[in-house]
Q: 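One structure, as structure tokens, below. Some questions next.
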Amino acid sequence: MKILVALKQVPDTETKIKVAADGRSLDPIDVKWITNPYDENAMEEALRIKEAQGAEVVAVSVGGERTREMLRNALALGADSAVLIRALETGDPLSVARHLAAYAQGKGFDLLLLGHMGFGGDNGAVGPMLAELLGLAQATVVTRLELGEGCFRAEREAEGGTEVIEGSLPAVITTQRGLNEPRYPTLKGIIGAKKKPLEELEGTATEAAISISAIALPPARPEGRKLEGNAAAQAAALLQLLREEAKVI
Amino acid sequence: MILVFCELKEGKLRKPSAEALSEARRLADAAGVRVGAIVAGADCSGAEDAARYGADLILKAEAPSLAAYSSDGFTTLLAEAVQAKGASVFLASATALGRDMAPRLAARLGVGYAADVTGLGLMEGRLRALRPLYAGKALATCDFATPVQVATTRPNVFPVTESPRAPALEALPAPLSDFKAVVKELLAKAGGRTELAEAEIIVAGGRGMKDGANFKLLEDLAEALGGVVGASRAAVDAGWGLPHAMQVGQTGKVVSPSLYIACGISGTVQHVAGMGGSRVIVAINKDPEAPIFKLASYGIVGDLFEVVPMLTACLGGRH
């Protein structure tokens with residue numbers, strides 16, 4: 001089995017967001033870059049399949065120089081090789097999917113794993129787009145995955161319950177928290193990673209299908225008020241305000 | 001034409017679809033174009049409901065092969081409809097299905113996609129979308145560069161407006177059924193409750209709940225209010241047996257209900273990213289310095305184990 005894990009480097013989820021001087025991007029000063037949290041579940045799932053039945057795991061990312069560090073970490077976790085596709089981040093998921101598809105095409109991957117969404121862009125689009133560009137089955141936001149002979153069974157959260165999806169391999173699966181508990185790299189893994197191949201490719205520039213023309217911080221919420229008195233008085237006051245002032249109940 | 005994919009439930013349009021359709025009607029009126037609603041399934045009875053929210057045309061794809069959702073199958077159906085109708089804008093609600101399908105459709109058509117938008121404008125055929133980034137910590141204005149434009153609308157944001165029409169009805173041919181992946185079953189969760197992302201009222205608990213069993217207090221209050229129960233990451237990670245599906249926050253659900261009642265939740269950046277867009281926020285916490293109070297429309301500094309049952313009782317008990 002050959003597995004591709006696509007990773008994205010994103011700002012730490014605790015980052016205080018500041019808008020850059022251009023008014024359309026994130027000010028990178030003071031930003032700590034991490035592996036997209038949902039991608040950690042994709043990586044972990046690939047490693048578990050590798051341990052259970054044997055697999056070659058390739059980690060890939062579309063990005064710039066600093067992305068190398070994240071791919072080294074993927075190698076330390078247990079990926080066999082890594083590929084950096086050098087390209088500018090445009091905020092257009094279709095161009096990212098096209099870079100990934102151009103790389104994966106014809107390489108015989110049975111399973112392509114990605115986090116269900118990249119923190120920051122919040123599109124959740126690259127997985128389905130990649131599946132489409134490669135003409136493969138997809139299951140998104142998956143919390144449980146089982147592989148069979150040339151097929152898969154996945155569970156995902158949906159309105160009203162858990163959906164069970166069955167499809168054929170090769171497939172693109174996007175992963176959600178809860179699928180597994182991601183591991184940390186071991187010292188042995190970190191040392192071993194230095195000997196593993198990290199290939200660099202130049203991405204071919206494609207025109208963005210969508211672009212961000214401005215970023216703003218959300219408007220501040222109006223000052224609230226504290227309700228005084230004992231629990232009974234507070235409860236009564238709250239319900240009255242919710243009914244008469246806020247009109248939400 | 002603006003095409004809107006509509007989901008049906010029990011012979012009616014699901015509310016998130018009615019929201020997307022209402023927004024399409026507003027855009028279409030301003031731009032002088034028509035609105036088409038697409039429904040797909042083995043049984044499309046209720047599709048006519050789309051006329052209530054302003055559909056000029058209802059496209060029905062009714063076939064046994066469409067009984068269960070398939071990403072690739074529905075993409076084929078919708079891509080053909082977009083092309084046949086020469087639609088310039090395709091909208092769906094950002095439901096589990098919408099977010100699975102719409103990006104695949106955009107890739108099939110080779111066009112731009114904006115997910116989970118909270119505002120839309122249409123000028124000279126070009127769509128402009130407002131959408132949250134960084135789990136709501138920033139808001140982006142996005143411009144499309146392609147002649148066809150695909151977007152999903154965030155549930156609970158766009159108002160539902162009735163503007164009845166006498167629509168034309170048209171049957172769409174169903175795609176072949178050799179789909180690559182299909183939904184086989186829905187393992188229903190207990191009670192068939194409203195999805196967090198679509199709930200109007202959410203009562204959520206954090207570390208201050210002290211134990212998973214205490215969430216019963218929140219369930220009682222939620223039931224009295226007609227709402228649903230959520231949890232912070234701290235509570236989900238505490239080993240109290242709460243499912244991840246309950247988690248509100250950056251790595252959980254992003255919600256924007258009319259009323260969010262945070263009980264024993266301190267208000268970390270991670271949590272606020274998931275609920276900061278709620279219209280009215282109530283915080284109940286015994287720590288007056290908890291950051292959640294900076295956000296709260298109404299704050300109660302006090303013991304949630306006293307205040308929450310009191311609220312439930314004032315609302316007339318459990319029912």
Side-chain angles (χ1 to χ4, degrees), chain A residues 13-14 17 19 37 93-94 97 120-125 128-129 131-133 136-141 156-168 171 177-178 207-218 221 224-227 231-232 234-236 238-239 241-242 246 248-249, chain B residues 71-72 75 95-96 99-100 103-104 106-108 111-116 132-146 180-189 192 195 225 244-245 250-251 258-259 269-270 280 282 295-303 306-307 310-311 314:
Chain A
T13 54
E14 295 292 315
I17 301 300
V19 180
L94 186 57
D122 295 4
N123 284 295
M129 286 176 166
E132 173 59 29
L133 295 175
L136 302 181
Q138 77 183 52
T140 57
V141 204
R156 71 190 297 255
E157 291 166 15
E159 294 84 5
T162 302
E163 268 179 7
V164 179
I165 297 157
E166 288 176 12
S168 56
R177 284 295 204 205
E207 200 158 318
I210 188 167
S211 60
I212 293 171
S213 50
I215 291 184
L217 298 182
R221 294 187 72 91
R225 70 166 97 159
K226 294 241 173 87
L227 309 180
Q234 287 171 322
L238 176 63
L239 292 176
L241 286 164
L242 292 178
V248 287
I249 62 171
Chain B
S71 310
D72 49 306
T75 296
T95 58
R99 295 200 71 163
D100 184 84
R104 184 157 190 147
R108 172 80 56 100
V111 303
Y113 168 62
D116 211 20
L133 296 185
Y134 302 99
K137 285 193 273 185
L139 205 57
T141 306
C142 300
D143 288 313
F144 287 79
T146 51
K180 295 184 174 74
V182 174
V183 172
K184 284 290 173 187
E185 59 178 318
L186 184 69
L187 310 172
K189 59 186 158 206
E195 187 69 9
L225 287 166
H244 180 269
Q250 204 150 252
T251 48
S258 308
L259 173 61
V269 174
Q270 134 83 238
V280 174
V282 173
L295 217 68
S297 328
Y298 306 112
I300 292 180
V301 179
D303 183 356
E306 282 183 45
V307 177
M310 194 68 79
L311 285 169
C314 290

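Note on naming: letters A, B, ... go to the chains in the order of the sequence lines (proteins, then strands), and numbering restarts at 1 for each one.
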Q: What part of B:V280 gets closer than 4.5 Å to chain A, counting heavy atoms only: side chain, backbone, both or neither?
A: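 Contact with chain A is through both the backbone and side chain of B:V280.
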
Q: Where on A:I212 is there a heavy atom nearer than 4.5 Å to chain B: the side chain, the backbone, both, or neither?
A: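 A:I212 touches chain B through backbone and side-chain heavy atoms alike.
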
Q: Could you look at B:T146 and say if it's the side chain, the backbone, both or neither that has a heavy atom under 4.5 Å from chain A?
A: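 When you check distances to chain A, atoms from both the backbone and side chain of B:T146 fall under 4.5 Å.
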
Q: Heavy-atom distance under 4.5 Å to chain B: side chain of A:A246, backbone, both or neither?
A: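 For A:A246, backbone and side chain are both near chain B.
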
Q: Check whether B:A138 gets within reach of chain A through its side chain, its backbone, both or neither, counting any heavy atom under 4.5 Å.
A: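 Answer is both: backbone and side chain atoms of B:A138 are under 4.5 Å from chain A.
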
Q: Using heavy-atom distances under 4.5 Å, tell me whether A:L241 contacts chain B through its side chain, its backbone, both, or neither.
A: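 For A:L241, the contact with chain B is made by backbone and side chain together.
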
Q: Counting only non-hydrogen atoms closer than 4.5 Å, does B:D72 touch chain A with its backbone (N, CA, C, O), its side chain (CB onward), both, or neither?
A: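 It is neither, since no heavy atom gets under 4.5 Å.
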
Q: Could you check whether any side-chain heavy atom of A:L238 comes within less than 4.5 Å of a side-chain heavy atom of B:L311, counting everything from C-beta outward?
A: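 The answer is yes; the side chains approach within 4.5 Å.
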
Q: Examine whether an atom of B:L139 lies under 4.5 Å from a heavy atom of chain A, and if so say whether it belongs to the side chain, the backbone or both; otherwise answer neither.
A: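 Contact with chain A involves both backbone and side-chain atoms of B:L139.
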
Q: Checking heavy atoms, do the side chain of A:V141, its backbone, both or neither come under 4.5 Å from chain B?
A: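 Neither the backbone nor the side chain of A:V141 comes within 4.5 Å of chain B.
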
Q: Taking atom types as modelled, find out whether B:D143 and A:S213 have a side-chain donor-acceptor pair closer than 3.5 angstrom.
A: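 On atom types as modelled, these side chains qualify, holding a pair under 3.5 Å.
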
Q: Which atoms of A:R221 are under 4.5 Å from chain B, going by heavy atoms: the side chain, the backbone, both sets, or neither?
A: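 A:R221 touches chain B through side-chain heavy atoms alone.
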
Q: Under 4.5 Å heavy-atom distance to chain B, tell me which part of A:L227 shows up: side chain, backbone, both or neither.
A: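 For A:L227, heavy atoms of backbone and side chain both lie under 4.5 Å from chain B.
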
Q: Write down the atom of B:A96, the atom of A:E157, and the distance for their closest heavy-atom approach.
A: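 For B:A96 and A:E157, the tightest heavy-atom pair comes out as CB-O, 4.0 Å.
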
